[in-house]
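Note sheet for the following structure.
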Amino acid sequence: MAETPLQASSPLKDSSCAIEALKLTKYYGKARGIVDVDLRVEQGDIFGFIGPNGAGKSTFIRTLLGLISPTDGSARVLGLDSVHQTKDILEQVGYMPSETMFYHGMKVKDILALSARLRKQDCGKEATLLCDHLDLDPNRKVEELSMGNRRKVGIVCALQHKPSLYILDEPTSGLDPLVQKEFFNLLMARHEQGATILLSSHVLSEVQRYCKHAAIIREGQVIVSGTVEDLSSESARRVRIQGLLKPPALAGIKNLAIHADGVDFFYQGDMRLLVAALAKEEFSDLIVEEPAIEEVFMHYYEADVDGSDVDATDVDGGNNPGGEPDEPDGQGAAS
Amino acid sequence: MTMFLHEMKQSTKMLIIWNVLVGAIIVVCMATFPEVKKQTDELREAFAMMGAFTSAFGLDKIDMMEAIGYYGLDCAAVLAFGGGLFAAFVGVRMLSKEETEHTAEFLLTHPLKRSSIIAGKFAAVVAQVILFNLFCTVCAIASFALIGEEIPWKTFWIFQLAQFLMHLEIGCISFGVSALLKRGSAGFGLGFAALLYFLNVVANISDKWEFMRYITPYAYADPSSVIPHAAITGEYLAIGMVYALIGVVFAFVWYSRKDITP
């Protein structure tokens, strides 16, 4: 399956890129991690990295941070090579892993101090400020903390040294809505100061709300990337037709639902063909909407209405039901 | 330095427990020597009749009725075996525990070279082995003083040095193994130390198994070889130090390239 290049790929060492991966591949023995991932995150961007568990999000992130070595391909983070300049990269990165575990027997303040010492920085004031913001008691032992509070410790560790790049792997899992809001307030403040943020998530609403660009990863491959807006417009439209009992016979209709008062479906194809087909039908109302990012995500993950999986070629192929060759029109190019 | 201090702090409780446990056993054991000394003839006769066990534990080469002999064969056996278990336990968990306890992502996403993390952790293994041996040596000296026995200092120090080097070798090899493991490291470490101990027992029983002395560090630290001559067998020691070096180098090479997965 090939990536749909909404963003044009560029050679590595682009100084405007905070993260740049080229054909980045990781296999664990024979098991697939990520395959030929091409991805660019611009400096100052907030980039959503979307995919379900096991899709390869964490593998991609761990490769960027030098925790695992790529099988093939390369990646640069802030212009630095992810394999040979890991230490320099980590000096400028605030990372929050998807599972936050700390050393048994240590207090929150000890963990935060250890993290600061390992960075050879004095982050005491910032740590106190962040703990106050997140309502985190620094005198509690980490094993006494709930999952949500452990996540807060992870947030403070990632933010206290004020890095220029934040890599956050499912950061809001386990956080209650109020803390999530406070977390994003902190994050947006950092973004306003110029920080770049890579937000790995399967909570699509937060990607839609906070991210400028996003990529969807499936089975280790980035199947589409671009602006959140373009991702929505590039994909199928949600069509609701009242007063029609069966949909028009057109290619590109998916997720069909027939109700007593009409039909709902996703349509990915030439809108003129749909309009022409509907002109011959009797119906009372027609609503064509851009799908929410959740629906875009599902569009790339769910099976076709005829049972076959959607693959990357569907993104363009569906727009061309006439069978003419697709042209790379660059529509939706993010940057 | 931060890594080293962190590891030492993390290990404080365990270090104290092992030190107190082994140190106390040494003292209690030596405290029984005056009673044992009173039964010299009966015990000599009993040891002579133990057959293969007499040579297995070196009773044919050391006089148990001398304080240093009793210390080496009886009390220091606890130091040798207990210290071996301790060194293996500390060494084999030092790197692997980060993955076992899921703290690897926290640690390795800080701006430190892997080699400096490994160096800090290795220094912590060495420091803990040194502290353990120092404490046990102090306990041994105190126990001799407690029962009013003279210490033949040269023999004593060489014997203590042999114990330390043996523990260090086990710690280094276990540290190398630690780079490989993700789970079950503690069990492996304890089993490994026990195996080395019994390899030496087997080597003492039969000449057929003498080659085992080239494998186990207990061979050059065996009281029956160190105490009578106040010397360590250089050949076994040299091989042991090569094993230790291989363990440490392996840890650096392997862990520096290791994929860290939760």
Side-chain angles (χ1 to χ4, degrees), chain A residues 26-29 31 33 58-59 61-71 77 80 83-106 110-121 142-143 150 153-154 157-158 160-161 163 167-169, chain B residues 1-17 89-90 93-121 123-124 128 178-183 185-186 252-262:
Chain A
K26 178 65 187 178
Y27 278 94
Y28 301 100
S58 297
T59 296
I61 288 172
R62 289 190 186 111
T63 311
L64 294 181
L65 297 174
L67 288 169
I68 53 179
S69 305
T71 309
V77 179
L80 300 162
V83 175
H84 300 106
Q85 293 171 291
T86 309
K87 179 176 174 283
D88 299 326
I89 290 171
L90 294 173
E91 273 174 4
Q92 303 173 69
V93 170
Y95 171 57
M96 186 176 171
S98 55
E99 286 178 26
T100 327
M101 299 295 280
F102 300 104
Y103 296 105
H104 196 79
M106 290 180 79
D110 298 331
I111 292 285
L112 300 178
L114 172 66
S115 179
R117 278 199 307 277
L118 289 169
R119 294 186 176 280
K120 297 183 175 68
Q121 287 187 30
V142 283
E143 62 265 27
R150 278 209 309 274
V153 182
C157 282
Q160 65 172 351
H161 58 290
I167 297 182
L168 310 164
D169 195 357
Chain B
M1 198 61 177
T2 302
M3 194 69 243
F4 170 74
L5 292 174
H6 167 66
E7 284 302 337
M8 292 306 288
K9 202 172 174 187
Q10 285 284 100
S11 306
T12 305
K13 270 186 195 167
M14 185 190 66
L15 185 62
I16 291 171
I17 290 169
F89 185 73
V90 170
R93 286 184 72 250
M94 192 52 80
L95 292 169
S96 63
K97 68 181 177 184
E98 300 293 346
E99 287 170 270
T100 308
E101 294 166 15
H102 306 287
T103 49
E105 272 194 310
F106 169 79
L107 177 62
L108 298 177
T109 52
H110 284 85
L112 299 166
K113 285 190 173 174
R114 289 256 183 118
S115 56
S116 70
I117 291 172
I118 301 165
K121 283 177 168 280
Q128 288 180 54
S178 181
L180 276 176
L181 297 179
K182 284 187 180 179
R183 289 180 188 84
S185 56
F252 272 86
V253 172
W254 189 270
Y255 201 76
S256 291
R257 297 171 183 177
K258 189 178 187 182
D259 282 347
I260 304 297
T261 51

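All chains are named by letter (A, B, ...) in the order of the sequence lines, taking the proteins before the strands, and each is independently numbered beginning at 1. Both backbone and side-chain heavy atoms feed into the values below; hydrogens, waters and symmetry mates do not. Note that the structure is a prediction, hence the values are computed from the model and not measured.
Using a 4.5 Å cut-off between heavy atoms, A:Thr100 makes no contact with chain B at all. Proximity to chain B (any heavy atom under 4.5 Å) is restricted, for A:Tyr95, to the side chain, taken from C-beta onward. Both the backbone and the side chain of A:Ile111 have a heavy atom closer than 4.5 Å to some heavy atom of chain B. Looking at A:Met96, neither its backbone nor its side chain comes within 4.5 Å of chain B, counting heavy atoms on both sides. With a 4.5 Å cut-off on non-hydrogen atoms, A:His104 touches chain B through its backbone but not through its side chain.
With respect to chain A, the highest number of heavy-atom pairs below 4.5 Å among B:Leu112, B:Thr103, B:Thr2 belongs to B:Thr103. The residue among B:Glu101, B:Met3, B:His6, B:Arg114 with the most heavy atom pairs within less than 4.5 Å of chain A is B:His6. Across B:Lys97, B:Lys9, B:Glu98, B:Lys13, the residue that shares the most heavy-atom pairs under 4.5 angstrom with chain A is B:Glu98.
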Worksheet item: Should A:Val153 and B:Phe106 be marked as a side chain to side chain contact (heavy atoms under 4.5 Å, CB included) after you check the CA-CA gap, both sets of side-chain angles, and the distance that decides it?
Response: CA-CA 11 Å; A:Val153 182; B:Phe106 169 79; over 6 Å; no
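A:Glu99 contributes atom CD, which lies 8.0 Å from atom CD of B:Glu105 (distance to the nearest 0.5 angstrom). The distance from atom CG of B:Leu5 to atom CG of A:Leu114, rounded to the nearest 0.5 Å, is 10.5 Å.
At a threshold of 4.5 Å between non-hydrogen side-chain atoms, the residues A:Met106 and B:Gln10 count as touching. Residues B:Leu108 and A:Thr86 are not in side-chain contact: their nearest non-hydrogen atoms beyond the backbone lie 4.5 Å or more apart.
For the side-chain contact (heavy atoms from CB on, under 4.5 Å) criterion with B:His110, the lone passing option out of A:Glu91, A:Arg117, A:Arg119 is A:Arg119.
Heavy-atom neighbours of chain A within the stretch residues 252-259 of chain B, taken at a separation under 4.5 angstrom, comprise B:Arg257, B:Lys258, B:Asp259.
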